[in-house]
Protein chains: 2
Amino acid sequence: MRVKTLCLGALCLGDATGYDIKKLFENAFNHFHGASFGSIYPSLKKLEEQGHVSHRVEAGEKHPDRKLFHVTDEGRACFLSELAGTPASEQLRSESMVLLFFAHLLPTEILQQKLAEMETHYSEELNYLESLSECSNHTSGIDFTIGMGKSVLRAKLDYLHNHRKTLLASHRDLPDSPWNAGCEQNNQQAESSS
Amino acid sequence: MRVKTLCLGALCLGDATGYDIKKLFENAFNHFHGASFGSIYPSLKKLEEQGHVSHRVEAGEKHPDRKLFHVTDEGRACFLSELAGTPASEQLRSESMVLLFFAHLLPTEILQQKLAEMETHYSEELNYLESLSECSNHTSGIDFTIGMGKSVLRAKLDYLHNHRKTLLASHRDLPDSPWNAGCEQNNQQAESSS
DNA sequence: TCTATATATATCATTCTGATATATGTTGAC
DNA sequence: GTCAACATATATCAGAATGATATATATAGA
């Protein structure tokens, strides 16, 4: 589903700025869909050109000027028909699973570290969803997505606890892996000279 | 994780063509990472420019010419160091959850249809993973990813069975939703005139 | 025979990410 | 009291990925 459509959906929940929508993607939507400023602002621009949203500028006193967006009737109708026409599907993009798929190529120490990272991430997200479900003003659909998310995270944590030892037990370090032959070309997440 | 890196990883499992790698993404990798031809072929090109892979052409008798790719020592070392440096993380992109998040805007009939679609997809993927785990030649890491996938799918199916009725019970059709005011501009998945 | 599917490579417009630039207000540290 | 870090707010851009399309041949089935 296009970010443009998601933005339209977000605005169906109430008027908002691009920044507000970004926060929605980081919070409420986060556990099933992300989006960056680089897609949100252009989307709002196009939606306005198509007449699906309009905006008014709120002059800032204690904050920068805000462009407050609002769905038009056409925009709302468009979102509803797109929603109904969207097939139910999902797609995972998991570095964790890639790491485990190639676990036999990793030294035991690193593998243990990755498993610990996974547990931390799953626990943190579960805590977040549990805090969300304490709020009482959700629609039943939203409660359903939160509940589904919690179930999935509990299943992941359980699986991790029950199978971690087995994985590590059958894991052996390779005797002479070329661990110092690292390739710098693609490790650009590292520090640059300052 | 970049498709380029995943291609390198795929080639660490054995020599392959771009087409073979696509099949790997569709099968083994499918439940945690996808990739299209439009990213695989350019990735292989760049990997070759960087000296991480090489290729030889197999002239085709019963098939088109094949470019069989092979990892170099540098490529293998590069993949290992990238793998170790990749943080464990994951990200879901789920149209199903978006649909449910906005369930209150959908007519009951459509909502039921989406829930049925979800169940079908989850069941099919579970069957696929169960058929995969019957093969006995997997590393323990691969078994772990398959097992995790199965656990997650079972959790999703359980949740769906246990909460479907509650969701539908609290769901009411809106009295006069503008269901005929559909917007054609964005419904371009429909048929074109022929 | 004719269609659909599988093998195989390649390109392209559109879309999305992740980084960066620009400004201002607030909060907390020292 | 100053200074860094963070939150609010908008916008753009290079690079990466998607999904579609083009091209060609072989096989299987209707």
Side-chain angles (χ1 to χ4, degrees), chain A residues 1-7 15-27 29-30 33-50 53 55-69 86-87 89 91-93 95 185-186 188-192, chain B residues 1-8 15-27 29-30 33-50 53 55-69 87 89 91 93 95 185-186 188-192 194:
Chain A
M1 188 176 275
R2 301 263 173 262
V3 171
K4 207 176 68 168
T5 310
L6 269 317
C7 286
D15 292 359
T17 66
Y19 192 81
D20 293 333
I21 293 174
K22 180 68 186 345
K23 279 192 298 183
L24 193 67
F25 275 110
E26 279 169 359
N27 301 139
F29 284 7
N30 185 257
H33 212 296
S36 64
F37 284 129
S39 57
I40 292 170
Y41 285 112
S43 292
L44 289 169
K45 206 173 181 179
K46 275 178 207 157
L47 284 169
E48 189 150 40
E49 284 165 12
Q50 295 179 317
V53 307
H55 84 268
R56 66 174 194 278
V57 175
E58 277 192 348
E61 290 167 18
K62 301 206 163 182
H63 51 72
D65 283 4
R66 291 155 53 88
K67 276 185 168 181
L68 203 62
F69 286 89
T86 298
S89 72
Q91 190 189 341
L92 182 63
R93 183 141 304 192
E95 329 261 271
Q185 296 103 302
N186 292 326
Q188 287 154 342
Q189 67 268 40
E191 76 284 7
S192 58
Chain B
M1 188 176 274
R2 301 264 173 263
V3 171
K4 208 176 67 167
T5 309
L6 269 316
C7 287
L8 209 48
D15 292 0
T17 66
Y19 191 81
D20 293 333
I21 293 174
K22 181 69 186 349
K23 279 193 298 183
L24 192 67
F25 275 109
E26 278 168 1
N27 301 139
F29 285 6
N30 185 257
H33 211 296
S36 65
F37 284 131
S39 57
I40 292 170
Y41 284 113
S43 292
L44 289 169
K45 206 173 182 178
K46 276 178 207 158
L47 285 169
E48 189 149 40
E49 284 165 10
Q50 296 179 315
V53 307
H55 84 266
R56 64 173 196 277
V57 175
E58 276 191 349
E61 290 167 19
K62 302 207 163 182
H63 51 74
D65 283 4
R66 292 154 52 88
K67 277 185 168 181
L68 202 63
F69 287 89
S89 71
Q91 190 188 342
R93 182 142 307 190
E95 330 260 272
Q185 295 105 301
N186 292 324
Q188 287 155 344
Q189 68 266 39
E191 76 284 6
S192 58
S194 58

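All figures in this text were calculated on a predicted structure; none of them were measured in a lab. Chain letters run A, B, ... following the sequence lines, proteins first and then strands; every chain starts at 1.
The listed nucleotides are D:dT12, C:dT17, C:dT11; the one nearest the side chain of A:S36 is C:dT17.
Spacing between atom CD of B:E48 and atom P of C:dT9 amounts to 12 Å, rounded to whole angstrom units. Here the C1' atom of nucleotide C:dA13 and the CZ atom of A:R2 are 11 Å apart, to the nearest Å. As a whole-Å value, the separation of B:I40 CD1 from D:dT18 P is 9 Å.
Between A:K4 and C:dC16, a side-chain N or O to OP1/OP2 separation shorter than 4.0 Å is absent. Note on B:S39: every side-chain N or O is 4.0 Å or more away from OP1 and OP2 of D:dA16. Between A:R93 and D:dT18 there is a side-chain N or O to OP1 or OP2 distance below 4.0 Å.
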Quiz prompt | Verdict with supporting geometry, B:K4 and B:Q50, side chain to side chain contact (heavy atoms under 4.5 Å, CB included) | solution = CA-CA 11 Å; B:K4 208 176 67 167; B:Q50 296 179 315; 3.4 Å; yes
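Contact record, B:C7 with B:L47: CB-CD1, 4.0 Å, taken as the closest heavy-atom pair. What you find for A:L44 and A:V53 is that their closest heavy atoms are O-CG2, 4.0 Å. Contact between A:A59 and A:D65 at its shortest, heavy atoms only, is CA-OD1, 3.6 Å. Residues A:A16 and A:I21 share a closest heavy-atom pair of CB-CG1, 4.2 Å.
When the salt bridge (charged side-chain N to carboxylate O under 4.0 Å, His left out) test is applied to B:E26, the partners found at least two apart in sequence or on another chain are B:K22. Annotation: ring-ring contact (aromatic ring centres under 6.0 Å, His included) contacts of A:F29 (sequence neighbours excluded): A:F25, A:F32, B:F101. Partners of A:D20 by side-chain hydrogen bond (donor to acceptor under 3.5 Å, both in side chains), not counting sequence neighbours, listed by chain and number: A:T17.
Residue pairs meeting the side chain to side chain donor-acceptor pair (under 3.5 Å) criterion with at least one member in residues 33-45 of chain B, sequence neighbours excluded, do not occur.
Axis angle between the ends of the helix from C:dT1-D:dA30 to C:dC30-D:dG1, five pairs each and rounded to 10 degrees, works out to 40°.
In this structure, A:K22 reaches neither bases nor backbone, as no heavy-atom distance under 4.0 Å exists between it and the strands shown.
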What protein N or O atoms touch nucleotides 5-8 of chain C N or O atoms at under 3.5 angstrom, if any, and at what distances?
residue : atom : partner : partner atom : Å
C:dT7   : OP2  : B:Y19   : OH           : 2.9
C:dA8   : OP1  : B:R66   : NH1          : 2.7
C:dA8   : OP2  : B:R66   : NH1          : 3.1

